[in-house]
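Quick caveat, the model's predicted, so the values are computed rather than measured.
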Amino acid sequence: MANKSVIKKVNEHVGESVVIGCWVNNKRSSGKIQFLQLRDGTGYIQGVVVKSEVPEEVWDAAKSLTQESSLYVTGIIREEPRSQSGFEMTVTGIEVLHITENYPITPKEHGVDFLMDHRHLWLRSSKQRAVLVIRAEIIRAIQEFFDTSGFTLVDPPILTPTSAEGTTNLFHTKYFDEDAYLTQSGQLYMEAAAMALGRVYSFGPTFRAEKSKTRRHLIEFWMIEPEMAFTDHEESLKVQEQFVSHVVQSVVKNCRTELEAVGRDISKLEAIQAPFPRITYDDAIKFLNENGHEIAWGEDFGAPHETAIAEAYDKPVFITHYPASFKAFYMKPDPNRPEVVLCADMIAPEGYGEIIGGSQRIDDPALLEARFKEHNLSLDTYKWYMDLRTYGTVPHSGFGLGLERTVAWICGLDHVRETIPFPRTLYRLYP
């Protein structure tokens, strides 16, 4: 009796008969031979049905199969150098589970809206499957980096009474009789966790009610937010570049087939090795003005500015020491120049924008209290956050990495909507 297997592991069964549960991705026929392109979620393989070598019912079953029909296929695995996987199956038996009729996504071109309306089916395509495999590897590599670097995973709440950076872009809800918001960052809670555990990281969903339709924005996305006690701005930058290098090289090592499936230039990823270049906000302003982008000191960068800066490098670049005027209240001012803060944004190459934002946090209780007043934040609401400075304050730093933008960059995708299984965008809550 044939052993059950999956396509990914057929290399372990060369010359043997196996059974694989799968779907028909495509098929073609040349008279007395049928070629079935089969997929099972782990990979793809061609099944060859030769009329003279199988019972009539097996031949007829193969003929009945349509795109996305499901079946158990039995056959002998053999090496086939011309195949992308290096293997092929000589089919000996077919058990049809379901014949699909009028599958809506055909090999022809479809519009984005159509594909997004059928996202639950579009996930089955080879490119979309590859993106999700790469996403999973990125997540695995992220956790591997922090789990082996002395960090403890901590889960901050999703429902919060306040926000990390003001409530303008937050989703409001009622928490029984109180106002509550869906989190846009777990950072403040992670600072509390760092005071208990030293080095911590969170990995979870965040929500931003920005009415933005750019290719870089989602309403619901996933963030990785490490916080580190006894760590200054410089030490944090080193962690960030080592972290991103580790993730990219893990994908290059473990997902080469999938990177090829999405058409990625792998040589560009192979070059992503720490250390990364750094420029100050001052240098960036000067560079932009010298290269056709008029921008005054004290203005924040938009996507065209970030892209212009990134194009000067073949690795991610840190932009450091932004003006305090448009950065978050908790960022520590540079002691030598208080109008700028000890912060950095990591800008990905190839126009993918900011993938990490981080800073050293204010540890002086008097300065933090002054910041609350400047930003009209309630001292009562943030009392617990103030307690972190009142009871054993220490220098500490942290950062946040947006998962979907990172997936878009590593995969070379045009839009973040393909980086998450079911994207939530400004006008899309279905499926």
Side-chain angles (χ1 to χ4, degrees), residues 135-165 167 170-171 173 175 180-208 220-233 235-244 246-247 250 328-332 342-344 346 355-363 365 368 381-407 420:
R135 178 189 171 103
E137 174 60 22
I138 290 169
I139 291 169
R140 189 204 65 76
I142 286 168
Q143 293 176 315
E144 177 183 67
F145 177 84
F146 289 115
D147 292 344
T148 57
S149 301
F151 287 75
T152 301
L153 177 64
V154 173
D155 300 315
I158 290 172
L159 288 168
T160 68
T162 55
S163 80
E165 299 171 27
T167 57
L170 284 182
F171 285 102
T173 186
Y175 192 78
Y181 303 92
L182 295 182
T183 184
Q184 64 175 6
S185 168
Q187 180 210 308
L188 305 190
Y189 295 97
M190 297 309 292
E191 288 186 54
M195 299 307 125
L197 295 158
R199 287 182 147 200
V200 295
Y201 76 101
S202 66
F203 177 59
T206 52
F207 308 85
R208 303 225 173 153
E220 175 187 300
F221 58 100
W222 287 69
M223 286 276 285
I224 296 85
E225 297 186 279
E227 286 290 328
M228 300 162 283
F230 306 102
T231 301
D232 64 20
H233 173 62
E235 292 171 298
S236 177
L237 293 184
K238 288 179 180 172
V239 172
Q240 291 173 47
E241 61 192 5
Q242 289 162 4
F243 163 51
V244 170
H246 173 80
V247 170
S250 291
F329 73 90
Y330 49 74
M331 294 187 179
K332 184 180 177 75
L342 298 173
C343 73
M346 184 190 290
I355 54 171
I356 288 182
S359 71
Q360 186 167 341
R361 317 310 192 186
I362 291 175
D363 51 83
L368 186 60
T381 305
Y382 284 93
K383 180 183 182 305
W384 70 270
Y385 187 64
M386 192 69 187
D387 282 349
L388 305 180
R389 278 73 178 170
T390 307
Y391 306 113
T393 188
V394 299
H396 62 289
S397 301
F399 59 93
L401 174 135
L403 178 63
E404 283 71 25
R405 281 193 190 177
T406 305
V407 175
I420 190 167

Are the side chains of [Y] and [X] in contact, using a 4.5 Å heavy-atom criterion?
| X | Y | value |
| --- | --- | --- |
| Pro226 | Phe151 | yes |
| Phe329 | Tyr382 | yes |
| Leu182 | Ile158 | yes |

Grab the two heavy atoms, one from [X] and one from [Y], that are nearest each other, plus how far apart they are.
| X | Y | result |
| --- | --- | --- |
| Met228 | Ser236 | CE-OG, 3.6 Å |
| Met386 | Pro365 | CE-O, 2.8 Å |
| Glu225 | Gly186 | OE1-N, 2.7 Å |
| Asp232 | Ser397 | C-OG, 3.3 Å |

Partners meeting side-chain hydrogen bond (donor to acceptor under 3.5 Å, both in side chains) with [X] (sequence neighbours left out):
| X | value |
| --- | --- |
| Glu144 | Arg140, His246 |
| Thr393 | none |
| Thr206 | none |

Mind jotting down which residue pairs meet the salt bridge (charged side-chain N to carboxylate O under 4.0 Å, His left out) criterion with at least one end in [range]? Sequence neighbours excluded, please.
| range | result |
| --- | --- |
| residues 192-207 | none |
| residues 180-190 | none |
| residues 188-197 | Glu191-Arg389 |

Practice task
Would you check, one step at a time, whether the test side-chain contact (heavy atoms from CB on, under 4.5 Å) holds for Arg135 with Leu403?
Solution key: CA-CA 8 Å; Arg135 178 189 171 103; Leu403 178 63; 3.5 Å; yes

Exercise for the section: Ignoring hydrogens and angles, state whether a donor on the side chain of Tyr330 or Gln187 is under 3.5 Å from an acceptor on the partner side chain. Expected result: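 On atom types as modelled, these side chains qualify, holding a pair under 3.5 Å.
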
Problem - For Asp155, all residues meeting salt bridge (Lys or Arg N to Asp or Glu O under 4.0 Å), sequence neighbours excluded - result: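 Applying salt bridge (Lys or Arg N to Asp or Glu O under 4.0 Å) to Asp155 gives none.
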
Problem - Partners passing salt bridge (Lys or Arg N to Asp or Glu O under 4.0 Å) against Arg405 (at least two apart in sequence or in another chain) - result: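 None.
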
Spacing of [atom1] belonging to [X] relative to [atom2] belonging to [Y], to within rounding of 0.5 Å:
| X | Y | atom1 | atom2 | answer |
| --- | --- | --- | --- | --- |
| Asp363 | Phe230 | CG | CZ | 11.0 Å |
| Met190 | Leu197 | CE | CG | 8.5 Å |
| Ile356 | Met346 | CD1 | CE | 4.0 Å |
| Leu237 | Thr231 | CG | OG1 | 11.5 Å |
| Ile139 | Ser250 | CD1 | OG | 13.0 Å |

Residues in ring pair (Phe, Tyr, Trp, His ring centres under 6.0 Å) with [X], at least two apart?
| X | value |
| --- | --- |
| Tyr189 | Trp384 |
| Phe207 | none |
| Phe203 | Trp222 |

Handout entry: Residues Phe243, Leu401; criterion side-chain contact (heavy atoms from CB on, under 4.5 Å); working and verdict
Key = CA-CA 10 Å; Phe243 163 51; Leu401 174 135; 3.7 Å; yes

Problem - Gln360, Arg361, His396 screened by side-chain contact (heavy atoms from CB on, under 4.5 Å) with Lys332, the one that passes - result: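 Testing each of Gln360, Arg361, His396 against Lys332, the sole residue satisfying side-chain contact (heavy atoms from CB on, under 4.5 Å) is Gln360.
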
Problem - Leu170, Thr160, Leu159 screened by side-chain contact (heavy atoms from CB on, under 4.5 Å) with Thr183, the one that passes - result: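 Testing Thr183 for a side-chain contact (heavy atoms from CB on, under 4.5 Å) against Leu170, Thr160, Leu159 leaves exactly one candidate, Thr160.
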
Problem - Worked check of side-chain contact (heavy atoms from CB on, under 4.5 Å) between Asp147 and Tyr201 - result: CA-CA 9 Å; Asp147 292 344; Tyr201 76 101; 2.8 Å; yes

Practice task
For the residue pair Phe146 and Phe399, categorise the inter-ring angle as parallel (less than 30°), tilted (30 to 60°) or perpendicular (more than 60°).
Solution key: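 Tilted, since the angle between the ring planes falls between 30° and 60°.
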
Practice task
Using the side-chain contact (heavy atoms from CB on, under 4.5 Å) rule, take Ile362 and Met331 through it: C-alpha gap first, then chi angles, then the decisive distance, then the call.
Solution key: CA-CA 6 Å; Ile362 291 175; Met331 294 187 179; 5.9 Å; no

Problem - side-chain contact (heavy atoms from CB on, under 4.5 Å) against Ala194, all qualifying residues, sequence neighbours excluded - result: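 Once residues adjacent in sequence are excluded, the partners of Ala194 under the side-chain contact (heavy atoms from CB on, under 4.5 Å) criterion are Val200, Glu227.
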
Exercise for the section: Determine yes or no for a side-chain-to-main-chain donor-acceptor pair under 3.5 angstrom, with Thr406 supplying the side chain and Glu404 the backbone. Expected result: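 Checked: no pair found.
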
